[in-house]
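A quick write-up on the structure given underneath.
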Number of protein chains: 2
Amino acid sequence: MPSPALKPPETFFHSRLFRGLGNEELADLTAICQRRRLSAGEQLIKQHSTAQNVYVVVSGTLMIERLSRSGRRQVIAFAYSGDYIGFTNTEEYEYSVVSLRETELQSFVRREFLALVDQSSTLKANARQIGGNVLAQTLDQLFALGQKKAHERLCFLLAQIRRRQCGTQNADIELIMSRQDIADYLGLTIETVSRAFARLKSMKLIEIVSAHRIRILDHAILEELASVH
Amino acid sequence: MPSPALKPPETFFHSRLFRGLGNEELADLTAICQRRRLSAGEQLIKQHSTAQNVYVVVSGTLMIERLSRSGRRQVIAFAYSGDYIGFTNTEEYEYSVVSLRETELQSFVRREFLALVDQSSTLKANARQIGGNVLAQTLDQLFALGQKKAHERLCFLLAQIRRRQCGTQNADIELIMSRQDIADYLGLTIETVSRAFARLKSMKLIEIVSAHRIRILDHAILEELASVH
DNA sequence: CGTCTATTTGAATCGGCTCAAACCATGTGG
DNA sequence: CCACATGGTTTGAGCCGATTCAAATAGACG
């Protein structure tokens with residue numbers, strides 16, 4: 001029987017990181033796991049700070065961004081339930097992380113976490129796979145920014161969010177982030193993003209239920225425009 | 001004394017991957033290491049093939065690229081001596097790799113290589129660091145494509161190549177790749193790249209010795225324009 | 001209901017793209 | 001050695017997509 005201090009294993013299952021782990025491994029992880037709660041707009045990681053923790057998103061949404069001295073901003077990713085944060089293999093974080101709404105996290109001390117990873121081949125494989133997915137996702141975005149037109153980039157983002165939210169019952173996409181966040185993610189301006197929405201609407205690919213709620217009318221063409229392969 | 005089959009450890013020292021390794025670890029690596037030589041234009045990795053090998057560049061230059069069904073191409077990186085290739089943590093390569101000129105490589109069977117990495121904490125740390133650098137480099141490029149103007153992106157590339165070639169005696173930059181390769185790396189067209197060169201020249205930042213040889217006249221401003229921080 | 005902010009829409013401008021021609025270096029055959 | 005062909009690069013002109021600046025509209029919240 002688990003001691004009272006142990007959270008039930010179910011809380012871990014939302015992330016791929018913990019897939020296939022035995023009870024003992026889960027217990028070890030639980031022992032070094034801290035809960036953390038962020039309110040909307042709160043900063044979790046400050047760019048250039050030393051990488052001391054890794055996190056797993058339990059619920060909510062985070063935004064990973066990079067700011068330059070000149071004031072320009074590139075949004076790198078949006079993280080949802082089950083995503084991992086701070087899986088950097090460098091000394092310091094090269095990005096900031098802020099929450100877009102109330103968000104629950106599991107927090108691990110990096111050093112302790114890596115020690116556990118070393119001991120479990122399953123966990124090691126999972127961590128490797130996650131690292132690979134982070135890079136793969138970044139390469140997809142790189143392709144979109146380098147090769148795609150404004151409305152195609154927007155399809156890229158919509159398709160990506162849809163894939164993350166397909167568990168949800170209804171088909172609508174919820175856009176938690178602002179137009180400015182979308183613009184900085186896609187390397188565009190807010191006006192261009194707004195016009196890209198209008199264009200997709202006029203193409204009958206989407207319906208703009210509200211500024212932050214989009215209904216996809218034609219998945220096939222959306223995916224086609226979003227494709228980076 | 002090393003057996004005749006063992007290559008001298010010196011051949012490994014060009015890459016960060018092998019930094020700080022003991023003789024025994026080097027011997028293990030040597031035992032599973034194959035030499036490979038590519039002539040200019042030859043393909044090393046085909047996109048979507050299963051990831052069976054990892055490589056370290058001994059000499060020469062490689063180009064990592066991704067092609068989409070629609071025929072568009074994004075160049076992801078240029079790899080020089082000491083760089084690693086195929087450090088994917090995914091099942092298959094999501095990019096192609098071709099050589100830009102005669103290139104020498106060390107080749108390892110991925111599975112065997114990872115087994116060795118598991119056994120050596122130094123090698124493990126090195127591999128982790130390298131993985132981190134790959135991601136960091138990709139994030140830099142992402143920032144450049146998303147936020148920078150054509151001539152700034154070119155500065156980004158020039159500064160990057162200079163950093164890799166600073167070991168060479170003279171200050172000139174050698175551009176092994178074609179204008180088309182540069183364009184696809186920076187998300188531009190060849191004409192725009194050419195005009196960006198002309199612009200940097202008129203700004204007296206560079207001198208175009210020949211199409212493939214650039215002399216930097218003002219490092220400070222070049223770095224400023226190239227900066228992604 | 002009014003204020004504040006986010007988003008959309010419009011008009012003008014600009015940067016990068018397209019298409020076309022010129023230029024240049026290299027190599028080949030007469 | 002020169003004439004010519006070839007592929008890569010540069011330059012020019014016009015166009016189009018994205019940005020900029022400005023104003024209108026829509027939502028959120030007191």
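A note on names: the letters A, B, ... follow the listed sequences, proteins ahead of strands, and every chain is numbered from 1.
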Worksheet item: Which residues pass the side-chain contact (heavy atoms from CB on, under 4.5 Å) test with B:Ala183, sequence neighbours left out?
Response: B:Gln180, B:Ile190, B:Val193

Below 3.5 Å between N/O atoms, which protein atoms pair up with nucleotides 10-12 of chain D? Just atom names and distances, please.
| residue | atom | partner | partner atom | Å |
| --- | --- | --- | --- | --- |
| D:dT10 | OP1 | B:Arg179 | NH2 | 3.0 |
| D:dT10 | OP2 | B:Arg179 | NE | 2.7 |
| D:dT10 | OP2 | B:Ser194 | OG | 3.1 |
| D:dT10 | O5' | B:Ser194 | OG | 3.1 |
| D:dG12 | N7 | B:Arg195 | NH1 | 3.1 |
| D:dG12 | O6 | B:Arg195 | NH2 | 3.2 |

Fill in: Phosphate-side-chain proximity, B:His212 and D:dT9, N/O vs OP1/OP2 below 4.0 Å
yes

Practice prompt. Determine whether the side chains of A:Ser70 and A:Ser68 contain a donor N or O and an acceptor N or O closer than 3.5 Å.
Written response: yes

Worksheet item: Any idea how A:Phe108 and A:Phe113 line up, ring-wise: parallel (<30°), tilted (30 to 60°), or perpendicular (>60°)?
Response: tilted

Worksheet item: Taking DNA chain C as the partner, which of residues 147-154 of chain B come within under 4.0 angstrom of it by heavy atom?
Response: B:Lys149, B:Ala150

Response to the item:
In whole angstroms, the gap separating P of D:dG8 from CG of B:Leu100 amounts to 13 Å

Discussion item. So that I know where these two stand, are B:Phe143 and A:Tyr95 an aromatic pair - ring centroids less than 6.0 Å apart?
Written reply: no

Item to complete: Determine the contact category for A:Ser210: base if any of its heavy atoms lies under 4.0 Å from a base atom, sugar-phosphate if only primed atoms, P, OP1 or OP2 are that close, otherwise nothing.
Response: nothing

Fill in: Residues A:Arg66 and A:Asp184 bridged, charged N to O under 4.0 Å
no

Worksheet item: Which nucleotide sits closest to the side chain of B:Thr189: C:dT18, D:dT20, D:dA18?
Response: C:dT18

Worksheet item: Using the ring of each side chain (for Trp, its six-membered ring), is B:Tyr185 parallel, tilted or perpendicular to B:Phe78, with breaks at 30° and 60°?
Response: tilted

